[in-house]
Amino acid sequence: MPMTIQETDPPVPPDARLPEAFYRQPPPRLARALIGCRLFVDGAGGRIVETEAYDADDPASHSFGGRTLRNASMFGPPGHAYVYRSYGLHWCLNVVCGTVPGGAVLIRALEPERGLDRMQARRGGLAPRDLCRGPGRLCQALAVTGALDGCSMSAPPFILAAPVEGVAAIAGRRIGITRGAETPWRFGLAGSRFLSRPLRD
DNA sequence: ATATCGATGCCCT
DNA sequence: GGGCATCGATATG
């Protein structure tokens with residue numbers, strides 16, 4: 001008989017919905033606040049361990065040059081998704097936020113907790129550690145595509161829930177950008193093994 | 001451990 | 001045509 005992993009999913013948080021005001025804060029603050037939150041897409045996902053902030057005054061941000069067809073969701077309501085295609089092949093998920101238009105938080109990594117079997121099936125049977133370690137990998141594991149661009153994070157298929165335990169977040173420089181590289185708007189859960197890379201200044 | 005490279009879509013000049 | 005908010009494979013210390 002083949003060795004199978006029996007899933008022992010922890011319970012879904014009873015009230016997943018975060019208040020609308022939660023998303024009305026500047027991207028760096030929301031990026032920090034999202035560390036430790038739980039993100040599920042159709043029940044698959046886990047604890048967010050890595051984020052990055054972007055805003056309209058930021059040369060690294062897709063919203064920097066103003067509204068276009070691709071970034072239109074960044075100028076829509078806070079608390080909705082901005083999903084874009086990266087390097088022609090990957091998808092990346094952001095949470096739109098801020099007190100002015102053009103802000104978003106990129107979800108870069110999470111610690112898988114629920115739906116391990118589905119995530120592994122989508123990711124070629126990789127170990128849990130490698131399922132959601134990076135924004136493109138995370139979207140593949142959770143089946144996030146452009147079809148979810150503009151959708152509310154407070155409605156199916158999304159669940160985004162506040163942490164149930166204390167969170168120690170640390171900051172560093174963002175990854176994979178050329179402009180605005182000094183800005184320390186990358187946040188990570190201290191000590192997590194599920195980061196895409198260690199946090200660096 | 002770090003470095004380099006190719007794949008690939010599409011927005012923008 | 002240039003430039004990516006990436007990934008996986010390969011090469012080398």
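Just the heavy atoms: all of them, side chains too, but no hydrogens, waters or symmetry mates, feed the values below. It should be emphasised that the depicted structure is a prediction, and the values quoted were computed from it without experimental measurement.
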Report the distance from atom [atom1] of [X] to atom [atom2] of [N], rounded to the nearest whole Å.
X: A/Leu106; N: C/dC7; atom1: CG; atom2: C1'; value: 14 Å
X: A/Tyr84; N: C/dG3; atom1: OH; atom2: P; value: 18 Å
X: A/Leu131; N: C/dG8; atom1: CG; atom2: C1'; value: 15 Å
X: A/Arg133; N: C/dT6; atom1: CZ; atom2: P; value: 14 Å
X: A/Arg173; N: C/dA5; atom1: CZ; atom2: C1'; value: 16 Å
X: A/Ile107; N: C/dA5; atom1: CD1; atom2: C1'; value: 12 Å
X: A/Arg197; N: B/dA3; atom1: CZ; atom2: C1'; value: 11 Å
X: A/Arg174; N: C/dC4; atom1: CZ; atom2: P; value: 13 Å

Option passing side chain to side chain contact (heavy atoms under 4.5 Å, CB included) with A/Glu111 (candidates A/Glu50, A/Arg129, A/Arg47):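 With A/Glu111 as partner, side chain to side chain contact (heavy atoms under 4.5 Å, CB included) holds for just one option, A/Arg47.
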Matching residue for A/Leu93 among A/Val83, A/Asp149, A/Val41, A/Thr145 - test: side chain to side chain contact (heavy atoms under 4.5 Å, CB included):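 That would be A/Val83; it is the only one of A/Val83, A/Asp149, A/Val41, A/Thr145 passing the side chain to side chain contact (heavy atoms under 4.5 Å, CB included) with A/Leu93.
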Sugar-phosphate, base or nothing in reach of A/Arg108, heavy atoms under 4.0 Å: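 Sugar-phosphate, no base atom in range.
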Letter per nucleotide, 5' to 3', of nucleotides 6-13 of chain B [B base touched, S only sugar-phosphate touched, - untouched; heavy atoms, 4.0 Å]: -BBB-SS-
Exercise: identify the closest heavy-atom pair between A/Leu199 and A/Gly188: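 Result for this residue pair: CD1-CA, 3.7 Å.
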Audit row: A/Leu106, A/Thr51, side-chain contact (heavy atoms from CB on, under 4.5 Å) steps and yes/no: CA-CA 5 Å; A/Leu106 174 65; A/Thr51 59; over 6 Å; no
Residue-phosphate contact under 4.0 Å: A/Arg137 side-chain N/O, C/dG8 OP1/OP2: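 Indeed, a polar side-chain atom of A/Arg137 lies that close.
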Distance test, side-chain N/O of A/Arg123 to OP1/OP2 of C/dG8, below 4.0 Å: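 Yes, such a contact exists.
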Same apolar cluster (I L V M F W Y, side chains within < 4.5 Å links), A/Val144/A/Leu126: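 Same cluster: A/Val144 reaches A/Leu126 through Ile, Leu, Val, Met, Phe, Trp or Tyr contacts under 4.5 Å.
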Face-on cation placement of A/Arg174 at A/Tyr54 ring, 6.0 Å and 45° thresholds: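 Yes, A/Arg174 and A/Tyr54 form such a contact.
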Interface with DNA chain C, restricted to residues 141-152 of chain A and to heavy atoms under 4.0 Å: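 Output list: empty, so none.
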Distance-only polar pair, side chains of A/Gln140 and A/Arg122, donor-acceptor under 3.5 Å: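 On atom types as modelled, these side chains do not qualify, holding no pair under 3.5 Å.
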Donor-acceptor side-chain pairing of A/His62 and A/Tyr82 below 3.5 angstrom: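 There is such a pair (donor and acceptor under 3.5 Å, judged by atom type) between the side chains of A/His62 and A/Tyr82.
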Strand partner of B/dC10, provided both Watson-Crick or wobble distances fall under 3.5 Å: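 Result: C/dG3.
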Check: A/Gly79 main-chain N/O paired with A/Glu20 side-chain donor or acceptor under 3.5 Å: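 Side chain of A/Glu20 to backbone of A/Gly79, a donor-acceptor pair under 3.5 Å: no, none is there.
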Earlier contact from the 5' end, DNA chain C, for A/Gly134 and A/Thr178: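 Upstream on the strand: A/Thr178.
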